[in-house]
Amino acid sequence: MINRRRRLRANTAIRDLVRETILTPKDFIFPIFAVEGENIKEEISSMPGNYHYSVDRLYEIIDEVEKAGIRGVILFGLPGSKDECGTSAWIDDGIVQRAVRKVKELSKDILVITDICMCQFTSHGHCGIIKNDVIDNDASLHYLSKIALSHAKAGADMVAPSDMMDGRVLAIRNILDENNFKNVSIMSYSAKYSSAFYGPFREAAHSAPKSRDRKTYQMDPANINEAMCEIEDDIKEGADIVMIKPALSYLDVIRWARDRFDVPIAAYSVSGEFAMVKAAAEKGLINEKNVAMEMLTSIKRAGAHIIITYYAIDACRWLKEV
Ligand code: PBG
């Protein structure tokens with residue numbers, strides 16, 4: 001007998017009924033870039049359709065996010081000044097802290113997540129503290145904890161360490177607990193690869209390292225067993241959600257993580273993934289909507305519960321169209 005699989009592909013109705021993976025606005029987290037200054041909404045050239053917002057204009061994007069039905073945003077900040085140890089990352093009136101307070105004021109419902117890292121705030125552009133010419137793991141933990149605490153004080157619901165130092169989740173969990181922020185959760189960038197797909201973000205966030213690369217702390221793209229070790233460590237240290245980043249070239253990592261661990265899995269579809277689709281669409285080489293939706297569907301099919309994507313708002317609009 002021939003298995004006539006095509007019977008279940010015959011028309012839209014039957015395809016809709018048997019579809020295994022369904023995207024919804026609730027799957028997405030939208031990244032937002034806050035900058036110092038006033039009355040700024042400036043398109044990010046490396047990421048068309050994404051903007052730098054000054055705090056006073058965040059209401060425009062928060063309004064769009066709410067209308068789209070998206071539940072969470074992740075905030076990145078571009079500070080006014082940088083130094084060796086990233087002071088502007090933890091001060092009370094730092095750019096991220098002010099953005100958090102503003103978003104909290106604008107919306108009761110949107111989950112506010114903050115990226116915890118130093119690269120946007122250090123003069124050298126690395127994600128940790130440099131001592132004797134190396135990124136010093138344990139010295140960096142002290143500063144990362146300070147950043148997390150200051151974000152929690154500003155009102156962040158969740159902090160997301162993206163630096164890849166060892167032990168940061170434990171250090172952050174401890175400082176939050178000691179300061180009565182037991183309910184602030186941690187989404188760890190657990191398996192964050194040293195990827196060339198971050199290029200457009202580094203331009204957007206002015207966070208490229210001034211010298212060398214991030215290979216001594218971010219993971220080798222060739223490794224997957226190591227990713228499982230990283231995730232296991234982070235869960236043991238207290239991560240509530242673990243993340244794999246980038247997404248598209250790491251769908252196997254997402255699937256392995258989903259099969260092995262019982263905590264929610266997030267995937268970050270990064271700037272390069274977004275920019276590639278944009279560029280190809282602008283050249284008329286691909287259909288932007290169809291390619292973007294196929295990408296997002298594949299990330300969910302691979303096992304991600306949560307997808308961080310620059311396409312979040314567009315995707316919500318496209319979901320309504322079908
Ligand atoms: C900060 C950070 C980066 C991204 C998120 N947080 C850049 C990096 O590690 O260089 C990348 C996000 C993207 O490319 O969309 N460490």
Side-chain angles (χ1 to χ4, degrees), residues 28-34 44-52 72-79 82 86 88-89 95-96 99 113-122 124-130 135 140 143-144 147-148 151 156 158-165 168-169 172 186-221 230 241-250 266-279 292 295-296 299 304 306-312:
F28 305 131
I29 290 173
F30 185 67
I32 295 178
F33 296 88
I44 299 169
S45 58
S46 57
M47 299 168 67
N50 287 265
Y51 296 83
H52 285 143
V73 295
I74 182 161
L75 298 179
F76 296 94
L78 283 79
K82 306 189 186 208
S88 52
I95 182 64
V96 177
I113 307 163
T114 57
D115 183 82
I116 306 289
C117 199
M118 307 199 65
C119 57
Q120 281 115 277
F121 305 90
T122 48
H124 44 75
H126 277 289
C127 305
I129 296 294
I130 300 184
I135 318 291
S140 303
Y143 292 95
L144 292 162
I147 301 172
H151 290 182
M158 186 183 287
V159 294
S162 68
D163 51 281
M164 287 300 277
M165 298 301 128
R168 76 262 168 83
V169 173
I172 290 172
I186 300 176
M187 172 166 70
S188 180
Y189 288 69
S190 301
K192 178 173 179 181
Y193 286 89
S194 176
S195 168
F197 284 96
Y198 307 150
F201 173 97
R202 290 183 187 169
E203 217 177 299
H206 306 162
S207 66
K210 292 274 176 314
S211 64
R212 291 175 290 185
D213 50 42
R214 305 208 200 288
K215 288 185 183 154
T216 68
Y217 41 104
Q218 298 181 348
M219 280 186 52
D220 183 338
E230 285 281 1
I241 298 173
V242 293
M243 191 203 299
I244 287 104
K245 173 188 177 193
L248 202 57
S249 292
Y250 299 86
Y268 197 142
S269 182
V270 300
S271 55
E273 298 172 38
F274 171 83
M276 283 196 307
V277 178
K278 276 280 173 204
M295 265 169 62
L296 295 171
I299 295 166
I306 298 168
I307 306 172
I308 304 167
T309 170
Y310 303 97
Y311 269 119

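Numbering starts at 1 and runs along the sequence shown. Counting starts at 1 for both ligands and their atoms, following the listed order.
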What residue and heavy atom of the protein are closest to [atom], and at what distance?
| atom | answer |
| --- | --- |
| atom 10 (O) of ligand 1 | Arg202 NE, 2.5 Å |
| atom 5 (C) of ligand 1 | Lys245 NZ, 2.6 Å |
| atom 14 (O) of ligand 1 | Ser271 OG, 2.7 Å |

Run the numbers for me: atoms of ligand 1, each under 4.0 Å from some heavy atom of [X], listed by number.
| X | result |
| --- | --- |
| Arg214 | 8 (C), 9 (O), 10 (O) |
| Phe76 | 5 (C), 6 (N) |
| Cys119 | 1 (C), 16 (N) |

For this session: Please round to the nearest 0.5 Å and tell me the distance separating atom CD1 of Ile74 and atom CZ of Phe30.
Result: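 Interatomic distance, Ile74 CD1 to Phe30 CZ, rounded to 0.5 Å: 12.0 Å.
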Exercise. Which value, rounded to the nearest 0.5 Å, describes the distance between Gln120 atom CD and Phe33 atom CZ?
Worked result: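 It comes to 8.0 Å.
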For this session: Indicate, as side chain, backbone, both or neither, the part of Asp115 found under 4.0 angstrom from ligand 1 when only non-hydrogen atoms are considered.
Result: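 For Asp115, only side-chain atoms sit under 4.0 Å from ligand 1.
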Exercise. Which one holds for Tyr268 and ligand 1: side chain close, backbone close, both close, or neither close, with close meaning a heavy atom under 4.0 Å?
Worked result: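 Within the 4.0 Å criterion, Tyr268 contacts ligand 1 through side-chain atoms alone.
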For this session: Determine, considering heavy atoms only, which of Met47, Lys192, Met164, His126 sits nearest to atom 2 (C) of ligand 1.
Result: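 Heavy atom nearest to atom 2 (C) of ligand 1 belongs to Lys192.
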Do any N or O atoms from the side chain of [X] and from the backbone of [Y] form a donor-acceptor pair under 3.5 angstrom?
| X | Y | result |
| --- | --- | --- |
| Ser140 | Ile129 | yes |
| His206 | Pro79 | no |
| Ser46 | Pro200 | yes |

For this session: Give a yes or no on whether the ring-centroid distance for Tyr250 and Tyr268 is below 6.0 angstrom.
Result: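 Not under 6.0 Å, so no.
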Exercise. Do any nitrogen or oxygen atoms of Ser207 come within less than 3.5 Å of a nitrogen or oxygen of ligand 1?
Worked result: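 No, Ser207 has no N/O under 3.5 Å of an N/O on ligand 1.
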Problem set entry | Contact check: Gln120 vs ligand 1, nitrogen or oxygen atoms, below 3.5 angstrom |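 Between Gln120 and ligand 1 (N or O atoms, distance only) the closest approach is not under 3.5 Å.
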Exercise. If you measure from each heavy atom of Tyr310 to ligand 1, is any distance below 4.0 Å?
Worked result: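 Yes, that is the case, since the closest heavy atom of the residue is under 4.0 Å from the ligand.
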Exercise. Got more than 12 heavy atoms from elsewhere within 6.0 Å of CZ, Phe197?
Worked result: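 Result for CZ/Phe197: open.
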For this session: Could you tell me whether Lys215 atom NZ has more than 12 heavy atoms of other residues or ligands within 6.0 Å of it?
Result: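 12 or below, so no.
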